[in-house]
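Worksheet: one structure, shown below.
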Protein chains: 2
Amino acid sequence: MNGYHAHAEATDLAALAGLLADDTRASFCLALLDGRAWTATELARHAGVAASTATGHLNLLVAGGLLAEERQGRHRYVRLANAGTAELIESLACLVPPSSSGRTAPRSLSAASRRQAMARARTCYDHLAGALGVSIADAMTERGLLDWDQGLALTPSGASWLARLDITLPPAARRLPVRSCLDWTERRPHLAGSAGAALCAHAFSAGWITRIGSGRAVMLTDAGRSALHRHLGIPREPG
Amino acid sequence: MNGYHAHAEATDLAALAGLLADDTRASFCLALLDGRAWTATELARHAGVAASTATGHLNLLVAGGLLAEERQGRHRYVRLANAGTAELIESLACLVPPSSSGRTAPRSLSAASRRQAMARARTCYDHLAGALGVSIADAMTERGLLDWDQGLALTPSGASWLARLDITLPPAARRLPVRSCLDWTERRPHLAGSAGAALCAHAFSAGWITRIGSGRAVMLTDAGRSALHRHLGIPREPG
DNA sequence: CGGATACTTCGGCGGGCACCGAAGTTTCCG
DNA sequence: CGGAAACTTCGGTGCCCGCCGAAGTATCCG
């Protein structure tokens, strides 16, 4: 490659991309975008492959630094290595050509309702997405808590709003406090970054939302509905 | 894949990643990160493959939406499709594990000087990188033109500073005005986004910098050195 | 018009890799 | 202690894909 003085850059980049260039491994990573740790068997079942096949793929992904693993007894728990990895997968997913695989309509009623639940509210790695995530970002913008004019930023009143909710951001680390993440059902941005993560964690612990089943979909509780109405003026039926 | 109700998401993501999962195609994309249009032959020569091989790869990349092509007579010019593509490749390159392929020291004198020139100043898609790009970002931060506290943003004085240079940003479009891009030689962020691009374009048109040869490396001119000293207080020998 | 150049198409070759099932190891639990 | 469950290792199979060179087409230029 690269004729005479190989940067070896291209090989590295290709190797990294190659980790995501397999249906099964991509399926693993998308599943792990829910931010939780899955066992090898769960992932194998989810992707529809044999356990031995999953083992091989997990070895590759862990060795490549995309996944972190944690052994507990006979279980191998695996999760995305860090926020950077999640952001990479997200940006890749956002760049998928919309017309590629004709967005097949769901076949069964249960599949339809599951999809609907996902579109309504779900987690995206460690923050909120779906109609709920977008409406939160919209409401925060409208109330002057977020500023999109020159790059996404948290305004002073946004910072104090978070503080009023007892949400403290981790000390300005490598990760940006606020980041925009394109929602692939809404095609509009929602709130990511450490503030988005903290807000999502708060929503769980305060009982605003709960998981539906084992997937990424979440449900807005009654308490959550009134909290969002109170704190952000979001109408009772956000979708 | 995915057992019963295939999201078909995983397949799409894998297909997109697969476009970058080949040494030759990755080499093409990294070369195109200089933001210019290359001919098929140039890319083939750069990657060290036969012309027929390059044709096949270019077909894939164009069909996949990563590259845009423009035919002129017997030439096939190809460039990165958009800024989003460039950002994807950048973020992929930034996530490459540092220790992967032992950063081989250059063999020849000319290779060493070429690498040195790249480290000093180069283009990164449509903005400036290398020690020059990093020192510009640092100087802008120090003078209060950029604000990193809550996400990267251009301050009011930063906006008027740009205006004083006759740099007008495109109307707030999809692309963020300022974005941080991790520099892989300096391991520190430099300025990307539409403001970074506009600044880079201005630097070219004002004669602050010129291309060295056919690569991504650029050279700071005397005029550029004094302009940067005047406008940003950057010392004469930025490295 | 005729040679040179840029690109494309095609056939064939070779290697890598994703898959599975069977057998083995470790851990859990009754 | 013994069975079940989670995971791993190993061998074998088949397919996909990247590569090349030769021949074909389009374009440029003298």
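Numbered from 1 within each chain, the chains take letters A, B, ... in sequence-line order. Side chains included, hydrogens not; waters and symmetry mates left out as well; all remaining heavy atoms used. Keep in mind the model is a prediction, meaning the values are calculated, not measured.
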Show me the side-chain donor-acceptor pairs of residues 59-72 of chain B shorter than 3.5 Å, one per line, residues at least two apart or across chains.
| from | atom 1 | to | atom 2 | distance (Å) |
| --- | --- | --- | --- | --- |
| B/Asn59 | OD1 | B/Arg76 | NH1 | 3.3 |
| B/Asn59 | OD1 | B/Arg76 | NH2 | 2.8 |
| B/Asn59 | ND2 | B/Thr55 | O | 3.4 |
| B/Glu69 | OE1 | B/Arg76 | NE | 2.7 |
| B/Glu69 | OE1 | B/Arg76 | NH2 | 2.9 |

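- Here the closest non-hydrogen pair linking A/Ala137 and A/Pro189 is CB-O, 4.0 Å.
- The salt bridge (charged side-chain N to carboxylate O under 4.0 Å, His left out) test applied to B/Asp222 returns B/Arg225, not counting sequence neighbours.
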For residues 14-21 of chain B, which side-chain donor-acceptor pairs fall under 3.5 Å, sequence neighbours excluded?
none

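- Comparing A/Ala21 and B/Ala54 along DNA chain C, the residue whose closest nucleotide (by nearest heavy atom) sits nearer the 5' end is B/Ala54.
- Closest-nucleotide positions on DNA chain C for A/His75 and A/Arg25 were compared, and the one nearer the 5' end corresponds to A/Arg25.
- Rounded to whole angstrom, the span from the CG atom of A/Leu58 across to the P atom of D/dT9 amounts to 12 Å.
- In this structure, the CD atom of B/Glu70 is 18 Å from the P atom of C/dA6, given to the nearest Å.
- Ring geometry, B/His190 versus B/His127: the interplanar angle falls from 30° to 60°, so the pair is classed tilted.
- Every residue was checked against the salt bridge (charged side-chain N to carboxylate O under 4.0 Å, His left out) condition with B/Glu42, not counting sequence neighbours, and none meets it.
- The side chain of A/Val49 lies closest to C/dC19 when the candidates are C/dA18, C/dC19, D/dG18.
- Atom CG in B/Asn59 sits roughly 12 Å away from atom P in D/dG18 (whole-Å rounding).
- For the pair B/Leu60 CG and D/dG18 P, the interatomic distance rounds to 7 Å; values are reported in whole Å.
- Listed by chain and residue number, nothing satisfies the ring-ring contact (aromatic ring centres under 6.0 Å, His included) test with A/Phe204 (two or more places apart in sequence, or in another chain).
- Between the CG atom of A/Leu43 and the C1' atom of C/dA18 there is a distance of 17 Å, rounded to whole Å.
- In this structure, B/Asp23 atom CG and C/dG16 atom P are separated by 12 Å, rounded to whole Å.
- Atom-to-atom, CG of B/Asp22 to P of D/dC16 comes out at 17 Å; the value is rounded to the nearest Å.
- Rounded to an integer number of Å, the gap from CZ of A/Phe28 to C1' of C/dC19 is 12 Å.
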Sugar-phosphate or base contact per nucleotide [nucleotides 21-30 of chain D; S, B, -; heavy atom under 4.0 Å]: B-----BS--
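- For the pair A/Arg45 and D/dA6, the criterion of a side-chain N or O lying under 4.0 Å from OP1 or OP2 is not met.
- An OP1 or OP2 oxygen of D/dG18 is reached within less than 4.0 angstrom by no side-chain nitrogen or oxygen of B/Thr24.
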